2 protein chains.
Amino acid sequence: MLTEERQQIILQQLKIHNIVKLHDLISLTGASASTLRRDLKDLESCHKLLRIHGGAQNVISLHEEPALSQKATINLDGKKAIGKAAANLVQNDEVIFLDSGTTIQFMIPYLIEHKNLLVVTNSVDNASMLADYNIDTFLPGGRLKSATKALVGSTMIQTLESYHFDRAFIGANGFSVDSGCTTPDPEESMIKKLAIEQSNLAFVLSDSSKYCQVSFSKFADLKDITLITSGLSDKELELLNKKTRVMEVN
Amino acid sequence: MLTEERQQIILQQLKIHNIVKLHDLISLTGASASTLRRDLKDLESCHKLLRIHGGAQNVISLHEEPALSQKATINLDGKKAIGKAAANLVQNDEVIFLDSGTTIQFMIPYLIEHKNLLVVTNSVDNASMLADYNIDTFLPGGRLKSATKALVGSTMIQTLESYHFDRAFIGANGFSVDSGCTTPDPEESMIKKLAIEQSNLAFVLSDSSKYCQVSFSKFADLKDITLITSGLSDKELELLNKKTRVMEVN
DNA sequence: TTGATTTTGATCGAATTTGGTTGTAATATA
DNA sequence: TATATTACAACCAAATTCGATCAAAATCAA
């Protein structure tokens, strides 16, 4: 059995079961524990799975959005760096759109450097933080999604259609060369898509853990946005650079 | 069974039942009590659940009061009682408006008793809390006021004009027989006024410390609203009762 | 074929996980 | 209230899994 075959089997099992045990893989492939450990190690290093004691699990299960508190602490330094870099792109007097999500939230402390900004956001949490920083903020109306505290729905869409932004900063649960930028919830996906359309320049902020992740709903092709990310390898960057503009921070 | 599997089962059970007993988890996973205790400990330390004697419960346990961080501790018992009384007025299937302000916020934990509510609010903080309690919430668009984290402005007004509420619950910085209900900010005052107009029944929530206080901008005559208050003397109540309906709680 | 490179499987000590035991604390019952 | 029951944290020893290493096997190149 070839290495490629084994790894396909592993990923396939993961898709089905969300979790695989090393033991099962041994009987499934006939390979030794050592070999399969090596496979898992390889697959983990390109973010295709997450190793756990006794096996491996999906990096994210498609229909599960981890609650904010859980997500918030992951890859903190990376998010901070991304947030700072993104905020530095903003110019005085601009109107910008801020998506929901913790990565985007890290931009806010750095936004106070800029004068006379107007921020439009669909995130209740971001709005609260923007108010703390005394940044002029506008919320389009919408229905509130409990899980992410983002505003969605037809009202939001109608409102956004009548706005135009200098820049939009969007979060993503996954991005890949083939599938573009994706997120679990179709309604939020539609907001992201629309915000990108209504902007002169659109940026997707996402750390390396989201690379090669595909979530349910696609909201942008890589060619239509500029990616701001951190923690990617040179090889991965090279590959991405063929499809989009990438800002690697740190 | 892998650690990760067990923990997923635990969280899944919590989502369904809001509470799990250690005993049930033992029969559900086949793992020992020690192991499951460890799992609960781990999950608690990353804030995915709250341990209780004999098992665990969701972090946001529905029937429990939120920890309120701020200086909102003034007259806490009074506000709680007012919030509870106000929430009890609400009926299933109603559309209600919630104003901004801490007193109003105390209603939210008690609102979960009612089924199929739709809450409209202009307060970002209330919205966030409503999301925590999984209550259907709609935010009309508007400009965000930093000081109070309330949404104001023409967009908000236009939106509210097209809505109609079964009940509106409004906060006030002052109320008196002569000057009616008042609040410092004219823009917020306009929102309150409008919300009252658009409702079948309007309630102003305000504790006794606001009695005979007059703030800059008036948004309602006492005759147009029902006052929900606490801590007033019999004499004061008698006086007020001539001008308006008063619910004294506690 | 020969020699170099890669892949594989086995081994072993270290690290992790697990289930049971113990004494203590919390809860239930009388 | 006093007592019995149950759940708890802390600890330990057994079992499992892990990572590192190395030699055998397979693959490749000339």
Side-chain angles (χ1 to χ4, degrees), chain A residues 1-61 66 70 73-75 208-209 231 233-236 238-239, chain B residues 1-59 61-65 67:
Chain A
M1 167 149 341
L2 267 45
T3 307
E4 199 59 34
E5 288 183 78
R6 279 195 318 270
Q7 301 198 350
Q8 287 294 330
I9 289 174
I10 295 172
L11 293 178
Q12 180 195 334
Q13 285 293 309
L14 266 180
K15 278 210 171 164
I16 301 169
H17 297 116
N18 209 29
I19 278 186
V20 281
K21 301 194 234 313
L22 192 76
H23 222 258
D24 297 342
L25 290 175
I26 290 174
S27 49
L28 213 58
T29 63
S32 72
S34 295
T35 300
L36 285 162
R37 272 186 236 284
R38 267 186 288 261
D39 287 336
L40 293 182
K41 202 169 156 189
D42 291 349
L43 290 170
E44 187 181 42
S45 72
C46 51
H47 302 120
K48 301 240 174 86
L49 53 76
L50 216 65
R51 292 191 68 185
I52 55 180
H53 197 89
Q57 71 177 145
N58 268 327
V59 184
I60 48 160
S61 51
Q70 304 165 30
T73 48
I74 307 165
N75 201 1
S208 61
S209 68
S233 70
D234 291 345
K235 207 169 169 184
E236 292 167 326
E238 197 179 324
L239 192 63
Chain B
M1 162 126 18
L2 267 44
T3 309
E4 202 63 33
E5 289 183 85
R6 280 194 317 271
Q7 301 196 352
Q8 281 189 16
I9 289 174
I10 295 171
L11 292 177
Q12 181 195 333
Q13 286 293 309
L14 266 179
K15 272 204 174 171
I16 301 168
H17 299 115
N18 208 30
I19 204 168
V20 280
K21 298 200 241 310
L22 192 76
H23 263 232
D24 299 340
L25 291 176
I26 290 175
S27 50
L28 213 58
T29 63
S32 71
S34 295
T35 301
L36 285 162
R37 271 185 235 284
R38 266 186 292 263
D39 286 336
L40 294 181
K41 201 170 156 189
D42 290 349
L43 290 170
E44 186 180 42
S45 72
C46 46
H47 305 288
K48 294 187 183 163
L49 53 75
L50 218 64
R51 292 189 67 184
I52 55 179
H53 199 87
Q57 66 178 176
N58 267 327
V59 183
S61 145
L62 288 182
H63 294 268
E64 197 184 319
E65 314 263 329

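Sequence lines set the chain letters: A, B, ... in the order given, protein chains first and strands last, and positions in each chain run from 1. Small disclaimer: the values here were computed from a predicted structure and weren't measured.
- Applying the 6.0 Å contact sphere to NZ of A:Lys21 captures more than 12 heavy atoms from other residues, nucleotides or ligands.
- Counting any heavy atom pair closer than 4.0 Å across all strands shown, B:Ile26 reaches no nucleic acid atom.
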Which donor-acceptor pairs under 3.5 Å do side chains of residues 31-39 of chain A form with protein atoms, sequence neighbours excluded?
unit_1, atom_1, unit_2, atom_2, d
A:Ser32, OG, A:Thr35, N, 3.2
A:Ser32, OG, A:Thr35, OG1, 3.1
A:Asp39, OD1, A:Arg6, NH2, 3.2
A:Asp39, OD1, A:Gln7, NE2, 3.2
A:Asp39, OD2, A:Arg6, NE, 2.5
A:Asp39, OD2, A:Arg6, NH2, 3.2

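- A straight line from CZ of A:Arg6 to C1' of D:dA26 spans 13 Å, rounded to a whole angstrom.
- Atoms NZ (A:Lys21) and P (D:dT16) sit 15 Å apart, rounded to a whole Å.
- Neither OP1 nor OP2 of D:dT21 sits under 4.0 Å from any side-chain N or O of A:Arg38.
- Sparse packing is recorded around CD of A:Glu238, with 12 or fewer heavy atoms of other residues, nucleotides or ligands lying under 6.0 Å away.
- When the P atom of D:dA7 is taken as reference, atom CG of B:Leu36 falls 13 Å away, rounded to whole Å.
- Atom pair A:Arg51:CZ and D:dT17:C1' shows a separation of 10 Å (rounding to whole Å applied).
- Nearest to the side chain of B:Arg37, among D:dA9, D:dG19, D:dA20, sits D:dA9.
- Side-chain atoms of A:Gln13 do not come within 3.5 Å of backbone N or O of A:Val20 as any donor-acceptor pair.
- Residue contacts shown for B:Ile52 are limited to sugar-phosphate atoms, with no base heavy atom under 4.0 Å away.
- Look at CG on B:Leu22: it is 10 Å from C1' on D:dC8, rounded to the nearest Å.
- Read 5' to 3', the first and last nucleotides of DNA chain C with an atom closer than 4.0 Å to a heavy atom of chain B are C:dT17 to C:dT27.
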